[in-house]
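Here's the structure, in structure tokens; my notes come after.
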Amino acid sequence: MSEASRKAEFESLVRDHQVALFRYLRYLGADEGLATEMVQETFLAVWRKPFEVRGPGETRAYLRTVARNHFLMAVRRRRVRPAFADLDEADRAYRPRSGDDAESYLEALRVCLGELTDRAREALGMVYRDGRSREEVGEALGLAVEGVKTLLRRARETLRDCVSKKVGA
Amino acid sequence: MNRFEERMLDLALAEVLGGRAPPDLAPRILAASRRPAWLRAPRRAVALAAVAAAAVLLAGGAVLWLASRPAPPPPPVLSPAEEARVLALIARARTPLATIDPSTPQGGMAQLDVFESTRALCRLVAERPDVFPFVRERLFPIEVAGRNRDVTERTLEILAHGPDPGEDSVIATFLEAYPETFPPDLVLLLAERGVASAEARLGAPFAGGALDPDLVMPAVFFALRGDRRGEAVLREFLARVNPRAAARPEHLAVAAGLYRLGDRQAWRDLAAVARTRVEAGEANAARPLVVGLLYFQPAVAEGRPVPVSDLWTRLKDLEMPRLAELRDPTRLRALLDSLID
């Protein structure tokens with residue numbers, strides 16, 4: 001393989017998988033800065049030591065393994081706190097739910113949000129879009145804090161069931 | 001909903017509703033892949049390398065600074081004969097006086113030997129000031145500042161009390177070089193003889209004006225020379241003598257100084273302090289004071305001057321002869337009464 005074609009292949013690899021790797025690292029517990037660093041380290045490792053590109057599923061699995069190993073090193077050396085104690089178990093749980101690259105999961109979520117009541121969608125928007133506290137949401141919607149918690153919990157359960165059906169997890 | 005589902009849903013909602021989509025890292029990654037390997041090192045490694053480089057630069061700077069520093073002045077150049085002579089004198093002066101019993105003929109000879117060698121050393125330094133750094137290097141770190149400091153002090157003391165006034169300038173040379181190592185009574189003696197450096201040394205602590213026991217001798221010295229500050233310090237010091245506190249030799253120095261200034265009452269007051277302690281069954285605590293009072297009593301009674309600098313020396317050396325006599329409380333009280341009346 002010529003140097004030019006190797007560069008082109010690497011560029012393609014980066015563009016195809018960088019977003020999915022970023023989401024995966026965030027899922028494992030990396031903050032945005034660390035996830036950015038880990039994604040770069042993962043691809044540079046691949047650049048230094050190229051691997052045989054097979055099917056898209058195998059490539060994604062390989063890149064996730066490299067990224068997870070880099071994240072583990074960060075956990076050990078920098079005392080980063082992961083989201084889960086068992087990262088292998090977290091990895092096994094990730095693939096069926098994410099649809100392997102999270103894009104299908106996100107697409108399903110966008111559809112499922114439309115199935116929620118206006119009140120539930122509004123409450124979720126205040127929390128995730130505006131960063132409001134549950135007390136603030138309760139004030140805006142005329143609910144007690146406990147009522148907001150119940151509303152959010154039910155909305156999330158609805159979304160989970162809906163998304164699971166759509167991605168087949 | 002398990003914790004994996006919770007996490008995924010949270011992140012997905014933050015992205016869909018919160019608009020926090022992953023950044024496009026491709027330009028950054030591709031640019032990094034084109035940089036040389038050493039520039040691609042993680043930030044931590046770069047930081048370590050930077051620290052290491054800074055350390056190397058610092059060490060290099062230190063070496064350059066050391067190399068470019070002005071060299072210390074060269075040690076005095078002595079002829080081999082001169083050096084041998086000085087070394088012999090130093091070796092003899094190092095004889096440990098502390099282990100010598102001066103009452104035996106051998107001890108007396110050894111003491112005389114140290115005295116003579118130190119005297120010769122002092123004369124040599126006076127004649128050849130350039131030899132002094134050499135002597136200081138070889139002798140003083142061991143004899144003055146080291147564990148045998150008292151040997152040199154005692155030798156210089158003997159020298160200072162010797163008959164030859166010419167020795168004063170020699171001792172003053174040492175005093176100027178090592179003011180902090182000289183015993184206060186020796187400094188006082190030199191000051192009384194008019195050695196300017198000793199007088200300056202006495203005046204330095206006195207200038208502070210605090211009632212420190214170390215100021216007593218300087219205060220006596222200055223009071224006897226008509227300095228009102230010195231007299232004020234003595235009176236203040238005497239006023240603070242607590243009859244129940246341990247008697248100290250400096251109380252006697254204060255009283256002797258005031259007596260010489262014409263204040264007989266100060267002497268009597270001090271004797272009364274001593275008697276109070278003895279009557280309280282604390283004769284031992286009052287002993288230095290009592291012995292001093294008794295020793296100087298004849299001079300005081302006759303109105304003869306008492307050399308102030310002698311107080312320390314004679315209290316140290318001469319308090320014992322009458323100790324047995326002083327152990328008898330009845331006789332002791334009678335002696336003190338005679339001093340007071």
Side-chain angles (χ1 to χ4, degrees), chain A residues 7 10-11 13-16 18-23 25-29 32 35-37 39-44 46-48 74 77-78 83-84 89-90 92-94 97-98 102 105-110 113 121 124-131 153 155-157 159-161 163-164 169, chain B residues 1-70:
Chain A
K7 280 182 181 173
F10 178 71
E11 192 171 332
L13 188 76
V14 171
R15 293 199 188 284
D16 288 349
Q18 48 124 352
V19 171
L21 268 187
F22 184 88
R23 287 177 179 139
L25 285 159
R26 292 282 288 126
Y27 164 76
L28 293 180
E32 290 190 6
T36 300
E37 194 181 324
V39 169
Q40 178 170 317
E41 285 303 302
T42 301
F43 281 109
L44 290 178
V46 170
W47 173 248
R48 285 192 295 269
R77 290 179 185 167
R78 305 188 206 175
F84 310 105
E89 187 189 2
R92 283 193 296 276
Y94 183 76
R97 288 177 179 81
S98 68
Y105 185 95
L106 290 168
E107 191 54 42
L109 181 64
R110 285 188 190 98
L113 277 169
R121 203 166 37 247
L124 284 172
M126 285 184 204
V127 172
Y128 288 96
R129 183 184 58 240
D130 306 333
R153 191 186 69 245
R156 289 164 61 87
E157 284 171 356
L159 287 174
R160 182 211 44 196
D161 294 343
V163 169
S164 294
Chain B
M1 196 185 299
N2 64 35
R3 62 188 191 283
F4 304 118
E5 291 168 334
E6 290 269 4
R7 177 81 178 161
M8 281 198 67
L9 187 59
D10 271 341
L11 291 169
L13 283 169
E15 191 171 330
V16 171
L17 294 176
R20 287 194 283 277
D24 181 8
L25 299 174
R28 169 192 170 119
I29 296 166
L30 296 173
S33 70
R34 292 181 200 114
R35 284 199 293 267
W38 64 270
L39 274 176
R40 276 191 253 120
R43 210 176 297 164
R44 187 185 178 86
V46 171
L48 280 174
V51 169
V56 167
L57 281 174
L58 201 64
V63 168
L64 280 175
W65 178 74
L66 283 172
S68 60
R69 254 189 339 170

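Letters A, B, ... mirror the listed sequences (proteins, then strands); counts begin at 1.
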Quick check: closest heavy atoms across [X] and [Y], and the distance to 0.1 Å?
X: A:G29; Y: B:R7; value: CA-NH2, 3.5 Å
X: A:Y128; Y: B:A14; value: CD2-N, 3.8 Å
X: B:A26; Y: A:V14; value: CA-CG1, 3.7 Å
X: B:L30; Y: A:R15; value: CD1-NH2, 3.7 Å
X: A:A90; Y: B:F4; value: CA-CE2, 3.4 Å
X: A:Q40; Y: B:A32; value: NE2-CB, 3.6 Å

| task | With a 4.5 Å cut-off on heavy-atom pairs, point out which of A:R110, A:E32, A:R26 contacts chain B the most. | result |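 Answer, by heavy-atom pair count under 4.5 Å with chain B: A:R26.
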| message | For chain B, which candidate among A:L113, A:L109, A:L21 shows the most heavy-atom pairs at distances under 4.5 Å? | response |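 That would be A:L109.
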| said: Going by salt bridge (Lys or Arg N to Asp or Glu O under 4.0 Å), name the residues that satisfy it together with A:D130, two or more places apart in sequence or in a different chain. | reply: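 Checked A:D130 against salt bridge (Lys or Arg N to Asp or Glu O under 4.0 Å); zero matches.
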| With sequence neighbours excluded, residues passing side chain to side chain donor-acceptor pair (under 3.5 Å) with A:R121 |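 Once residues adjacent in sequence are excluded, the partners of A:R121 under the side chain to side chain donor-acceptor pair (under 3.5 Å) criterion are A:D118.
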| Is it the backbone or the side chain of A:E11 that comes under 4.5 Å from a heavy atom of chain B, or both, or neither? |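 Contact with chain B involves both backbone and side-chain atoms of A:E11.
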| Side chain of A:R160, backbone of B:E6: donor and acceptor closer than 3.5 Å? |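 No: the side chain of A:R160 does not pair with the backbone of B:E6.
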| said: Between A:R129 and B:L17 (side chain of the first, backbone of the second, donor and acceptor by atom type, cut-off under 3.5 Å), is there such a pair? | reply: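 Checked: no pair found.
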| Quick one: does A:V163's side chain get under 4.5 Å of B:M8's, heavy atoms only? |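 No; the side chains remain at least 4.5 Å from each other.
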| request: Output the distance between atom CG (A:L159) and atom CD (B:E5), rounded to the nearest 0.5 Å. | output: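 The CG atom of A:L159 sits 12.0 Å away from the CD atom of B:E5.
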